[in-house]
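See structure below.
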Amino acid sequence: MKPTIVILDERISASMVGVTGKADCEAQVCPATDPKFGDYQANGVMPLAKQLKTDPRKLAEKVVEGLDVSDICELPEIAGPGFINLRLKPDFVADRLLKINADPQNRLDIAKAEKPETIVVDFSGPNIAKQMHVGHLRSTIIGDCICRFLEFLGHNVIRQNHIGDWGLQMGMVVYALEDVYWEQDEPKLNLEILEQEYKRIVELEKEDPEIADKVRKRTAELQAKEPLAMRYWREACGITMSECYRLYVMMGVNLSTIHTVGESFYKDMLTDVVEELKKKSLAVESDGAICVFPVDSTGSPQAGFKNKEGEPLPLIIQKSDGAYLYATTDLAAIRYRINELKADRIIYVTDARQKLHFEMLFAVARMAKWVSDDIELSHVMFGSVLGEDGAPLKTRSGENVKLKELLDEAVKQARKVVDEKNADLPDDEKDRIAKAVGIGAVKYADFSNNRTSDYVFSFDRMLAMDGNTAPYMQYAYARIKSIGRKAVDRDIKAEKELKGITNLNITEPSELDLAKHLVRYGEAIEAAINDYRPNYLTSYLYELAQKFSVFYTNCPVLDAGAEKRPTRLLLCDLTAKTIEHGLKELLGIEVVDQM
RNA sequence: GCGCCCGUAGCUCAGUAGGAUAGAGCAUCGGUUUCCUAAACCGAAGGUCGCAGGUUCGAAUCCUGCCGGGCGUACCA
């Protein structure tokens, strides 16, 4: 079913049109800023009154007169300069809860998108011969999260892991691997050794021209697809990616070989990209490089694309030495995704520093008419992960923090807490909980921050049981599950009571408060996905858990009388289902039955 | 220099087209446990929303200037 807020917005907007005769009125319904104003408020009358130069309160009165929301709300009230305040009827809330409970599709009565799109989401993007580090965390989990949202809404989502497996450094990787194979009789290669060797070659190459020559040779061999070079390259890719896949599994991120379509995939399309842009007279030579200068429809340089000297800034697609760059690959990828994958929308999840690159990239792709106007290109950017000192998170020696080490540490610290709080549980159970809590804490902390800003990474804060954290959410869930176990002990048939339930008995304020919030899950999902901002969902879930806690302290469930118990069992069950759905399905965070 | 992002409680952060008295959590102080997990709940205190103007019924939010921080700015990704 449609979110209530949408229904109200449509009806009030329609009434505004009816009253004023003006098309496209916007009711601007949003959640009430204060509970004393009700549940929702419409702000749209005031700007409209200004436009029509009329008294906003009088206009609001007319809008309310022409409005029928009696099936949903109490009589709308006009307040202040022209707000319309709306308060849900308890019967309406109860009815929605029953619908959610009875949803045959098991999706908490949340409607799918009206028109499903094919959406390509480009995220994670690790590099060959390097371990994933903290810099890959956000792209990987935010990208996965966005995919989960879109999939739940019924879109055809195509995950693309645009790995760095081609280009300049690959010659070094091949040489490094070759070197190791030569030196060792029985090479026991793993990613750590490969990374070390790769770094060693990078250093050597700087000083030793002989090495540099060899690396150049290997690069050329690889470009020419010589079997041995290709074999080493494939070896490096295999070693790197199998470790990445392990980490994805550990993080609950759905990325596997079928999603891995990296730079090398586009290597044979690059010449064509450059040729076509030349043919369209968009690509020109400048300082020896082949460039495209983004211009607007009038032919003048687009604002913002300027260099230090104030001259137009080019998107370089071929270096003066003939080599291609990431802009070239990205352009080839756009064409492939639109022409072959039939994308209606392409989403790039990368850090904010690449903003300019994507702005220019999108501009050039549109200039070349490779992207029609109805196709949406989005750069979903995010800030950096900082250490406690406010600088980007690094180890003491100044290295990037390895993602695996960071996750292991989170699990270790979570395990310590589990040991303290729940010593009686069996070891394997403790391990499971520690993993869910530790990994969940890292992911939840990331999601709950505003995507676009930097945030300070702190194990202590993300593992805290108070506040907007994964453990708090998981704890709320575990408490509900505990009620279920207690019900079994007491021979209470909770499932049977829930199944036969036809009307609710909501009387306590904390019951109604919780019920109203449960009914708004769909709104939270919509708000979150519209702006690709998971923190709107975490805020919702946190409030849900808080409201449940209030209800839990005030309202006994199992000891409630026969006329109250089914209602309370339903509130518990739907809260658990909503938390589980939000955490597991949409955020990819595990829940546990006890902790 | 130019462009983009940011500046909100002591700390870490929210604030969903410009809406009503700016919200959480941590830390601080005080209270709640014969009762379904106290890993919880309730309460108190804490603010010139960087500064100064402007736009209007209304500004943390939009505009201008300034101060402070981050990032980017032609052959890395």
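Throughout, protein chains are lettered first and strands after them, A, B, ... in sequence-line order, and every chain is numbered starting at 1.
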Base of B:rA74 paired with side chain of A:Ser286 (donor-acceptor, under 3.5 Å)
yes
Is A:Glu420 touching bases, backbone alone, or none of the nucleic acid, heavy atoms closer than 4.0 Å?
nothing
Looking only at side-chain N and O atoms, does A:Ser482 come under 4.0 Å of OP1 or OP2 in B:rU37?
yes
Please classify B:rA17 as syn or anti, treating any glycosidic angle within 90° of 0 as syn.
syn
Is the positively charged end of A:Arg87 above the ring of A:Phe37, judged by distance under 6.0 angstrom from the centroid and angle within 45° of the axis?
no
Distance, nearest 0.5 Å, that separates CD1 of A:Ile433 from CD of A:Gln594:
6.0 Å
Does NZ or CZ of A:Arg479 lie under 6.0 Å from the centre of the six-membered ring of A:Tyr552, at an angle within 45° of the ring axis?
yes
B:rC36 C1' sits how many Å from A:Ile480 CD1, rounded?
11 Å
Of the nucleotides B:rA24, B:rC36, B:rG19, which one has an atom closest to the side chain of A:Tyr542?
B:rA24
Calculate, to the nearest 0.5 Å, the distance between atoms CG and CG belonging to A:Leu541 and A:Asn468 respectively.
8.5 Å
Counting any heavy atom closer than 4.0 Å, what does A:Met595 reach on the DNA or RNA strands: base, sugar-phosphate only, or nothing?
base
When all nucleic acid strands are considered with a 4.0 Å heavy-atom cut-off, which category describes A:Pro314: base, sugar-phosphate, or nothing?
base
Separation of the C1' atoms in B:rU61 and B:rU16, to the nearest angstrom
12 Å
Regarding A:Gln474, tell me which of base, sugar-phosphate or nothing describes its non-hydrogen contacts under 4.0 Å with the strands shown.
nothing
Mind checking whether A:Tyr472 and A:Tyr542 have parallel, tilted or perpendicular rings, split at 30° and 60°?
perpendicular
Closest to the A:Asn449 side chain, choosing from B:rU37, B:rA14, B:rG72:
B:rA14
Of the options A:Thr260, A:Leu403, A:Asn161, A:Thr240, which is the one that meets A:Pro126 in a side-chain contact (heavy atoms from CB on, under 4.5 Å)?
A:Asn161
For atom C1', what is the distance between B:rG72 and B:rG50, given to the nearest Å?
23 Å
Quick one: is A:Ser458 getting a side-chain N or O under 4.0 Å of the B:rC26 phosphate, OP1 or OP2?
no
Closest listed nucleotide, where the reference is the side chain of A:Lys308 and the choices are B:rC36, B:rC13, B:rU73
B:rU73
Atom-pair distance (CG on A:Leu514; P on B:rC41), nearest Å
14 Å
Span that lies between the C1' atom of B:rG68 and that of B:rC49, in whole angstrom
16 Å
Mind calculating the distance between CG (A:Asp351) and C1' (B:rC4) to the nearest angstrom?
13 Å
C1' atoms of B:rA59 and B:rG19, separation to the nearest Å
10 Å
Give the rounded distance in Å between these two atoms: CZ of A:Phe548 and P of B:rA39.
15 Å
Hey, is the side chain of A:Lys486 poking within less than 4.0 Å of OP1 or OP2 on B:rU37, counting only N and O atoms?
yes
Checking B:rU37, B:rU12, B:rG19 against the side chain of A:Tyr552 (C-beta onward), the nearest is B:rU37
Nearest-angstrom distance, C1' atom, B:rG25 to B:rC42:
16 Å
Side-chain N or O of A:Thr33 less than 4.0 angstrom from OP1 or OP2 on B:rA20?
yes
Does B:rA40 have OP1 or OP2 sitting under 4.0 Å from an N or O in the side chain of A:Tyr477?
no
Measuring from the side chain of A:Asp531 (C-beta onward, heavy atoms only), which nucleotide among B:rU16, B:rC36, B:rC26 has the closest atom?
B:rU16
Nearest to the side chain of A:Arg353, which nucleotide is it out of B:rA20, B:rG72, B:rU37?
B:rG72
To the nearest angstrom, the OH-P distance between A:Tyr444 and B:rU12 comes to 20 Å
What integer number of Å spans the P atoms of B:rC71 and B:rG65?
24 Å
Sticking with atom C1', work out how far B:rA44 lies from B:rC6, rounded to a whole angstrom.
33 Å
Looking only at the side chain of A:Phe293 (C-beta and beyond, no hydrogens), which of the listed nucleotides B:rA20, B:rA39, B:rA74 gets closest?
B:rA74
Nearest whole angstrom, please: distance from the P of B:rC5 to the CZ of A:Phe358.
17 Å
Minimum-distance nucleotide (side-chain atoms of A:Ala527 versus B:rU37, B:rC42, B:rU16)
B:rU16
Phosphate OP1/OP2 of B:rG15: any A:Asn535 side-chain N/O under 4.0 Å
yes
Categorize A:Glu523 for me: base, sugar-phosphate, or nothing, with a 4.0 angstrom heavy-atom threshold over every strand shown.
nothing
Between B:rA74, B:rG19, B:rU37, spot the one nearest the side chain of A:Tyr475, thanks.
B:rU37
Of the options B:rA14, B:rG19, B:rA40, whose atoms approach the side-chain atoms of A:Asn450 most closely?
B:rA14
ring-ring contact (aromatic ring centres under 6.0 Å, His included) with A:His162: of A:Tyr266, A:Phe123, A:Phe265, A:Tyr326, only one passes, and it is A:Tyr266
What distance, rounded to whole Å, do you find between the two C1' atoms, one in B:rU56 and one in B:rG18?
10 Å
Would you kindly check whether a donor in the side chain of A:Asn43 faces an acceptor in the base of B:rA20, or vice versa, at under 3.5 angstrom?
no
Does the side-chain contact (heavy atoms from CB on, under 4.5 Å) test come out yes or no for A:Val437 and A:Val417, once each step is laid out?
CA-CA 10 Å; A:Val437 172; A:Val417 181; over 6 Å; no
